[in-house]
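Along the sequence shown, residues carry numbers from 1. In what follows, every heavy atom counts, from backbone to side chain, and hydrogens, waters and symmetry copies are set aside.
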Amino acid sequence: MTAPAAPTEVDFHFDLMCPFAYQTSVWIRRVREQTDLTINWRFFSLEEVNRQPGKKHPWEREWSYGWSMMRIGARLRRDGMEHLDRYYERAGRALHEEGLRAHDPDVARALLAELDLDPGLVDEAIADPTTHDDIHREHARVVDAGGYGVPTLFFGDHCLFGPVLIDPPDGDAAMRLWNATTTWLEFPHLFELQQPKTREHNDAITRTFRPYLEARDWVSINRGEVVEFPAADRS
């Protein structure tokens with residue numbers, strides 16, 4: 001078995017609602033700073049994959065949290081991947097670090113204005129039914145590959161879930177994690193390597209996600225199960 005060449009391009013599927021995907025996006029941006037890596041930002045809907053029977057699909061609602069934020073991203077991407085890149089960084093930082101309700105239309109408009117982008121693109125994206133199509137197509141790609149959540153990375157046709165972390169490394173450590181991640185491409189039948197979460201791990205996750213927990217207007221679901229966080233750490 002020959003080790004594949006180091007990847008120079010990755011499709012990174014995310015949902016702005018996901019705090020884990022955001023942390024991984026911080027890490028992969030740091031990898032990009034040290035390499036010639038091209039990141040293609042793609043979508044995946046946690047609202048849809050975790051939809052409860054009898055509930056509306058996210059595209060059937062006038063406004064859906066993650067789905068609508070991604071529709072804004074889809075509209076921005078049509079003018080250039082760099083616009084989606086900047087939007088995901090700013091909106092993700094707002095929700096997951098600053099505790100701002102980036103899923104609120106007025107906040108979304110304000111964030112676009114911060115980026116010197118037209119706030120009117122929020123309403124334009126929601127009025128354009130073809131922005132649904134972009135998310136449907138990219139969501140289906142992950143599901144068809146056997147995926148179920150984010151972050152999901154594609155290297156060509158090779159799909160990997162993760163890495164899932166709360167403290168994105170920088171510098172040499174970021175590159176070591178990148179090398180460890182891309183080494184998986186050498187082993188097409190290596191399916192899973194997982195560290196179980198201890199109580200201390202869950203406490204650290206809750207502390208890291210405090211801004212997100214205070215800003216979200218939804219219940220977190222993981223593989224069909226409601227995720228509960230310690231009540232004392234949410235106050």
**Q** Are Phe154 and Phe12 close enough that their ring centers fall under 6.0 Å?
**A** no
**Q** Of all the heavy-atom pairs spanning Asp172 and Gln34, show the shortest one and how long it is.
**A** N-OE1, 4.4 Å
**Q** Just so I know, are the side chains of Arg101 and Arg216 near enough to count as touching, which here means a heavy-atom distance under 4.5 Å?
**A** no
**Q** Would Leu84 end up clustered with Ile39 when hydrophobic side chains under 4.5 Å apart are linked, directly or stepwise?
**A**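 Both belong to a single hydrophobic cluster.
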**Q** What's the spacing between Lys55 NZ and Glu60 CD if we round to 0.5 Å?
**A** 13.0 Å
**Q** I need the full list of side chain to side chain donor-acceptor pair (under 3.5 Å) pairs touching residues 72-82, with sequence neighbours left out, sorted by first then second residue.
**A** Arg75-Asp79, Arg75-Glu124, Arg77-Glu138, Arg78-Asp128, Arg78-Thr130, Arg78-Asp134
**Q** Just verifying a value: how many Å separate Thr198 OG1 and His201 NE2, rounded to the nearest 0.5 Å?
**A** 4.0 Å
**Q** What are the two closest heavy atoms between Val142 and Gly149, and how far apart are they?
**A** CG1-O, 4.4 Å
**Q** Give the intermediate values and the outcome of side-chain contact (heavy atoms from CB on, under 4.5 Å) for residues Val122 and Leu112.
**A** CA-CA 8 Å; Val122 171; Leu112 289 185; 3.7 Å; yes
**Q** Indicate if Leu111 and Leu16 have the same hydrophobic cluster label, given that clusters are the connected sets of ILVMFWY residues with side-chain heavy-atom separations under 4.5 angstrom.
**A**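 No, no single cluster joins them.
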**Q** Kindly indicate, with the supporting measurements, whether the criterion salt bridge (charged side-chain N to carboxylate O under 4.0 Å, His left out) is fulfilled by Glu98 and Arg90.
**A** CA-CA 10 Å; Glu98 299 170 8; Arg90 183 63 192 100; 3.1 Å; yes
**Q** Distance from Arg51 atom CZ to Glu48 atom CD, nearest 0.5 Å?
**A**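 Answer rounded to 0.5 Å: 5.5 Å.
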**Q** Check this for me, if you would: do Arg29 and Glu89 make a salt bridge, where the nitrogen-to-carboxylate-oxygen distance has to be below 4.0 angstrom?
**A**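 Salt bridge between Arg29 and Glu89, a charged N being under 4.0 Å from a carboxylate O: no.
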**Q** Closest approach of Ala113 and Pro119, non-hydrogen atoms and distance?
**A**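 Smallest heavy-atom distance, with atoms named: CB-CG, 3.9 Å.
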**Q** A side-chain contact here means heavy atoms from C-beta on lying under 4.5 Å apart; do Arg30 and Pro168 qualify?
**A**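 Yes - at least one pair of side-chain heavy atoms lies under 4.5 Å apart.
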**Q** Find out if a path of hydrophobic residues (ILVMFWY) with successive side-chain heavy-atom gaps under 4.5 Å connects Val143 to Phe191.
**A**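 No; Phe191 is not reachable from Val143 via cluster members.
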**Q** Under the ring pair (Phe, Tyr, Trp, His ring centres under 6.0 Å) test, which residues partner His139, sequence neighbours left out?
**A** Phe44
**Q** Could you tell me whether the side chain of His158 reaches within less than 4.5 Å of the side chain of Leu153, counting heavy atoms only?
**A**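 No, every pair of side-chain atoms sits at 4.5 Å or beyond.
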**Q** Indicate yes or no: does Lys56 engage Glu62 in a salt bridge with an N to O separation below 4.0 Å.
**A**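 Looking at Lys56 and Glu62, the cut-off is not met.
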**Q** Suppose we screen for side-chain hydrogen bond (donor to acceptor under 3.5 Å, both in side chains). Which residues come up paired with Asp123, at least two apart in sequence or across chains?
**A**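 Here the qualifying residues are Arg109.
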**Q** Might you point out which heavy atoms bring Thr131 and Ala125 nearest each other, and give the distance in Å?
**A**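 Of all heavy-atom pairs spanning Thr131 and Ala125, the closest is OG1-O, 3.0 Å.
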**Q** Under the ring pair (Phe, Tyr, Trp, His ring centres under 6.0 Å) rule, what pairs show up with a residue in residues 90-128, not counting sequence neighbours?
**A** Tyr22-His96, Tyr65-His103, His96-Tyr212, His103-Trp218
**Q** Got a donor-acceptor contact below 3.5 angstrom from the Ser64 side chain to the Pro58 backbone?
**A**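 Flag set: sc Ser64 to bb Pro58 pair under 3.5 Å.
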**Q** Using 30° and 60° as the class limits, which term best fits the ring planes of Phe209 and Phe20: parallel, tilted or perpendicular?
**A**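 Aromatic pair Phe209/Phe20 classed perpendicular.
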**Q** Mind running side-chain contact (heavy atoms from CB on, under 4.5 Å) on Ile72 and Leu121 for me, showing each step along the way?
**A** CA-CA 7 Å; Ile72 298 166; Leu121 289 174; 5.7 Å; no
**Q** Rounded to the nearest 0.5 Å, what separates atom OH in Tyr148 from atom CG in Leu46?
**A** 12.0 Å
**Q** Write down the atom of Val150, the atom of Ala21, and the distance for their closest heavy-atom approach.
**A** CG2-CB, 3.9 Å
**Q** State which residues pass ring pair (Phe, Tyr, Trp, His ring centres under 6.0 Å) with Trp59; sequence neighbours excluded, sorted by chain then number.
**A** His57, Trp67, His136
**Q** Side chains of Pro211 and Glu97, heavy atoms from C-beta outward: is any pair under 4.5 Å?
**A**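 The answer is no, as the side chains (C-beta and beyond) never meet within the 4.5 Å cut-off.
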**Q** List the atom of Gly99, the atom of Ala215, and the distance in Å for their closest heavy-atom pair.
**A** O-CB, 3.3 Å
**Q** Given Thr152 and Cys159, is the side-chain contact (heavy atoms from CB on, under 4.5 Å) satisfied, shown in steps?
**A** CA-CA 7 Å; Thr152 292; Cys159 175; 3.5 Å; yes
**Q** In Å and rounded to the nearest 0.5 Å, what is the CG to CD distance from Asp15 to Glu47?
**A**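 One finds 6.5 Å between CG of Asp15 and CD of Glu47.
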**Q** Do side-chain atoms of Glu192 reach the backbone of Leu190 as a donor and acceptor pair under 3.5 angstrom?
**A**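 Checking the backbone N and O of Leu190 against the side chain of Glu192, no donor-acceptor pair under 3.5 Å is found.
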**Q** Hey, any chance Leu213 and Met69 share a hydrophobic cluster, counting ILVMFWY side chains that come within less than 4.5 Å of each other, even indirectly?
**A**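 Same cluster: Leu213 reaches Met69 through Ile, Leu, Val, Met, Phe, Trp or Tyr contacts under 4.5 Å.
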**Q** Is a side-chain N or O of Arg86 found less than 3.5 angstrom from the main chain of Leu115, in a donor-acceptor match?
**A** yes
**Q** Tell me, do Pro169 and Leu165 make a side-chain contact under 4.5 Å, heavy atoms counted?
**A**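 Yes, their side chains come closer than 4.5 Å.
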**Q** For the atom pair CD1 (Ile28) and CG (Leu37), what is the distance rounded to the nearest 0.5 Å?
**A** 5.5 Å
**Q** Evaluate Arg141 against Asp11 for side-chain contact (heavy atoms from CB on, under 4.5 Å), listing each step before the verdict.
**A** CA-CA 11 Å; Arg141 181 194 188 192; Asp11 290 353; 2.7 Å; yes
**Q** Who pairs with Tyr88 by ring pair (Phe, Tyr, Trp, His ring centres under 6.0 Å), at least two apart in sequence or on another chain?
**A** Phe14, Trp41
**Q** With heavy-atom distances below 4.5 Å as the criterion, would you say the side chains of Asp167 and Thr208 are in contact?
**A**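 Sidechains of Thr208 and Asp167: no contact.
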**Q** Hey, any chance Ile166 and Val26 share a hydrophobic cluster, counting ILVMFWY side chains that come within less than 4.5 Å of each other, even indirectly?
**A**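 Ile166 and Val26: one cluster.
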**Q** Above 12 or not: heavy atoms from other molecules or residues under 6.0 Å from CG of Asp106?
**A** yes
**Q** Between Asp85 and Arg32, is there a salt bridge with N-O shorter than 4.0 Å?
**A**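 Asp85 and Arg32: salt-bridged.
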